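The next block holds one structure in the form of structure tokens; read it before the comments.
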2 protein chains.
Amino acid sequence: MLANQGSTAKIVRPTTLRESVLERILELIIIGSLKPGQHLVENELADNLGVSRQPVREALQLLSGEGWVDLRPGHGAYVHSPTVEEADQLLAVRTLLETESARLAARNPDKTDISDLRDICNRGLAACVADDVDAAVAANSELHTAVVNMSGNRVLADLTSQVARRVRWYHTPVARHRGRASWEEHAALIDAIEAGDEDVAADIMRRHTEHTRQSYLESRAQHPVEEPPAPIRRRRPRAVSG
Amino acid sequence: MLANQGSTAKIVRPTTLRESVLERILELIIIGSLKPGQHLVENELADNLGVSRQPVREALQLLSGEGWVDLRPGHGAYVHSPTVEEADQLLAVRTLLETESARLAARNPDKTDISDLRDICNRGLAACVADDVDAAVAANSELHTAVVNMSGNRVLADLTSQVARRVRWYHTPVARHRGRASWEEHAALIDAIEAGDEDVAADIMRRHTEHTRQSYLESRAQHPVEEPPAPIRRRRPRAVSG
DNA sequence: TTGTCGTCGACTGCCTACAGCATACATTCC
DNA sequence: GGAATGTATGCTGTAGGCAGTCGACGACAA
């Protein structure tokens, strides 16, 4: 249905099918079309995406590696169900990783990088003032990514981005809760990095991410979890069964 | 060849084929039969393992998620090439993660867990005295795993085990470099956890893992890297040709 | 009514086969 | 002699299909 593949024109396939399938499924998970705990039936996805089961299967394998879906051998793939506890732990780990990133970034700051950071920060603040939530969220993750990359530790960067992507999943609904203050913290962080003050940079980052964690938990307390249901759900009502 | 698949008896398959394939390939990587940078031709693996390409492909996808192999779309899978730099970064991240684990473990120590730790520690020391390297290495990872699990943060535990497995890959050749001293540090760590002294526990763990890192780097300096070769290597010499 | 067993349906896991692509070698042209 | 192009080949990516397995539903008996 929503497949652009199979069209007559020989559209250059920019990437493999399984990758575009992966992106599509991931998007469906993030925006919530595929709900936590939901059983991902390969045939359905394949039909909806206009491909065969094979690329779907492979995309699911890859997604399981990033924690988005759980594979139950013999049962299939299920959208990972984020519990409050896990979200909290995830946010704690993110704090740990990003704090270290900030420290390392401050250890040997780079003029160009600093300049980039300030640009992003300004954009974010502007978006925040303009009440453009999407742009603010985008700038936010962009900035954090930039800091992590400045750490110079690729392993750390990879791990962090992996964790951060999942955090963002939980985080999105509460993104608007922290506006201006968040960007002031960012600005202070950049100052510390530029000054090469490891401890200050680390401290700011720690408090900053802890802040996020707190506001997440509070927001979660107000809007309690919607669904731990759908543990198995197989076989729809079934038709007449002639 | 070594396939038990396809045999007439309906042997209860304890797990899916792709999982056993995954384990087998991982083992081949760890013991070095499959060398870093080597191109993993699906057909070869499938033939050697006595299965079809499909489970091999899926196993490779899963392995890529854990960082053991690199997938190059359109080119296939290659055994991940561990550079010295990456190993160093990996060890740094491990230090970070395990230090936090130790801190959390000390935050609310559990009688039973402590007792388990001591058992493991004693076994490790005994193995060390008896010069049983394999047993010592096993006890070592067992102890670290136990500490991480005591942290109570599953996300942290998962991430750490993932990193630790890869660390162990690089680490094995130098495992013998640190013997007795390592186990004394372990004992001190357990004491600190039992006493509930977060800072001390964290500090011991940090120094402990940093020690490992240092000895790794030194050992690596003496035995320089063997292979960054085999970047592409396709198509064997080919027979007489016509 | 409740517990147990048999049957049915659906989905996954795996295999085979084909098409497209990328690389290496051989040939031809300058 | 060197470079560009044609050709061959191995590999990956994808499709389709079949069998095994798991869960659910319904029937039967206590």
Side-chain angles (χ1 to χ4, degrees), chain A residues 3-7 10-22 24 38-64 69-78 230-242, chain B residues 3-22 24 38-64 69-78 230-242:
Chain A
N4 58 356
Q5 169 265 11
S7 66
K10 61 166 182 178
I11 295 171
V12 191
R13 212 180 284 160
T15 168
T16 61
L17 219 48
R18 71 150 179 258
E19 280 188 53
S20 59
V21 167
L22 186 152
R24 193 81 187 90
Q38 181 172 344
H39 183 200
L40 300 176
V41 178
E42 297 169 2
N43 262 328
E44 286 182 18
L45 286 173
D47 290 345
N48 288 340
L49 298 170
V51 299
S52 120
R53 274 179 57 209
Q54 213 50 45
V56 172
R57 276 182 72 82
E58 300 192 359
L60 291 176
Q61 316 270 353
L62 294 176
L63 284 171
S64 81
V69 308
D70 301 319
L71 295 181
R72 289 206 297 160
H75 292 255
Y78 296 77
I232 297 215
R233 195 220 72 151
R234 293 182 66 172
R235 197 183 200 171
R236 71 197 66 167
R238 156 167 113 174
V240 250
S241 140
Chain B
N4 57 358
Q5 169 263 9
S7 65
T8 53
K10 61 168 182 178
I11 295 172
V12 191
R13 213 179 282 159
T15 169
T16 63
L17 217 49
R18 70 153 179 255
E19 281 188 52
S20 60
V21 167
L22 186 152
R24 192 84 188 89
Q38 180 173 343
H39 182 199
L40 299 177
V41 179
E42 296 171 1
N43 263 326
E44 286 182 19
L45 287 174
D47 289 345
N48 288 340
L49 298 170
V51 299
S52 125
R53 274 180 56 209
Q54 213 49 46
V56 171
R57 273 182 75 82
E58 299 191 358
L60 292 175
Q61 318 267 356
L62 293 176
L63 283 171
S64 81
V69 310
D70 301 320
L71 295 181
R72 290 206 296 159
H75 292 253
Y78 295 78
I232 295 215
R233 195 220 70 151
R234 295 184 64 172
R235 198 179 200 176
R236 73 198 65 167
R238 156 165 113 175
V240 252
S241 138

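Below, chain A is the first sequence line, B the second, and so on; all start at residue 1. In what follows, every heavy atom counts, from backbone to side chain, and hydrogens, waters and symmetry copies are set aside. Since the structure is predicted, the reported quantities are computational estimates derived from the model, not experimental observations.
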Please state how far atom [atom1] in [X] lies from atom [atom2] in [N], giving the value in whole angstrom units.
X     : N      : atom1 : atom2 : result
B/Y78 : C/dA22 : OH    : P     : 12 Å
A/R72 : D/dG23 : CZ    : P     : 8 Å
A/L60 : C/dT12 : CG    : C1'   : 12 Å
A/L17 : D/dG16 : CG    : P     : 12 Å
A/N43 : C/dC14 : CG    : P     : 16 Å
B/E42 : C/dC15 : CD    : C1'   : 14 Å
A/Q54 : C/dT12 : CD    : P     : 12 Å

Minimum-distance nucleotide to [X] side chain [options: [options]]:
X     : options                : value
B/R53 : D/dT12, C/dT12, C/dT16 : D/dT12
A/P73 : C/dT12, C/dC14, C/dG13 : C/dG13
B/P55 : D/dC11, C/dC15, D/dT14 : C/dC15
A/E58 : C/dT12, D/dT14, C/dC15 : D/dT14
B/R18 : D/dT14, D/dG13, C/dG13 : C/dG13
A/T16 : D/dT14, D/dC11, C/dG13 : D/dT14

Return no unless some side-chain N or O of [X] is found under 4.0 Å from OP1 or OP2 of [N].
X     : N      : result
A/R57 : C/dG13 : yes
A/H75 : C/dT12 : no
A/H39 : C/dT12 : yes

Which residues satisfy the side chain to side chain donor-acceptor pair (under 3.5 Å) test with A/N43, sequence neighbours excluded?
none
With sequence neighbours excluded, residues passing side chain to side chain donor-acceptor pair (under 3.5 Å) with A/E42:
A/R53, A/R57
Could you go through B/E58 and B/E19, starting from their C-alpha distance and side-chain angles, then the distance that decides it, and tell me whether this counts as side-chain contact (heavy atoms from CB on, under 4.5 Å)?
CA-CA 9 Å; B/E58 299 191 358; B/E19 281 188 52; over 6 Å; no
Scan B/L40 against the nucleic acid and name what it touches under 4.0 Å (heavy atoms): base, sugar-phosphate only, or nothing.
sugar-phosphate
Looking at B/R18 and B/A59, what are the two nearest heavy atoms and their distance?
O-CB, 3.7 Å
Whether the side chain of B/H75 engages the backbone of B/H39 through a donor-acceptor N/O pair (distance < 3.5 Å, no angle test) should be reported.
no
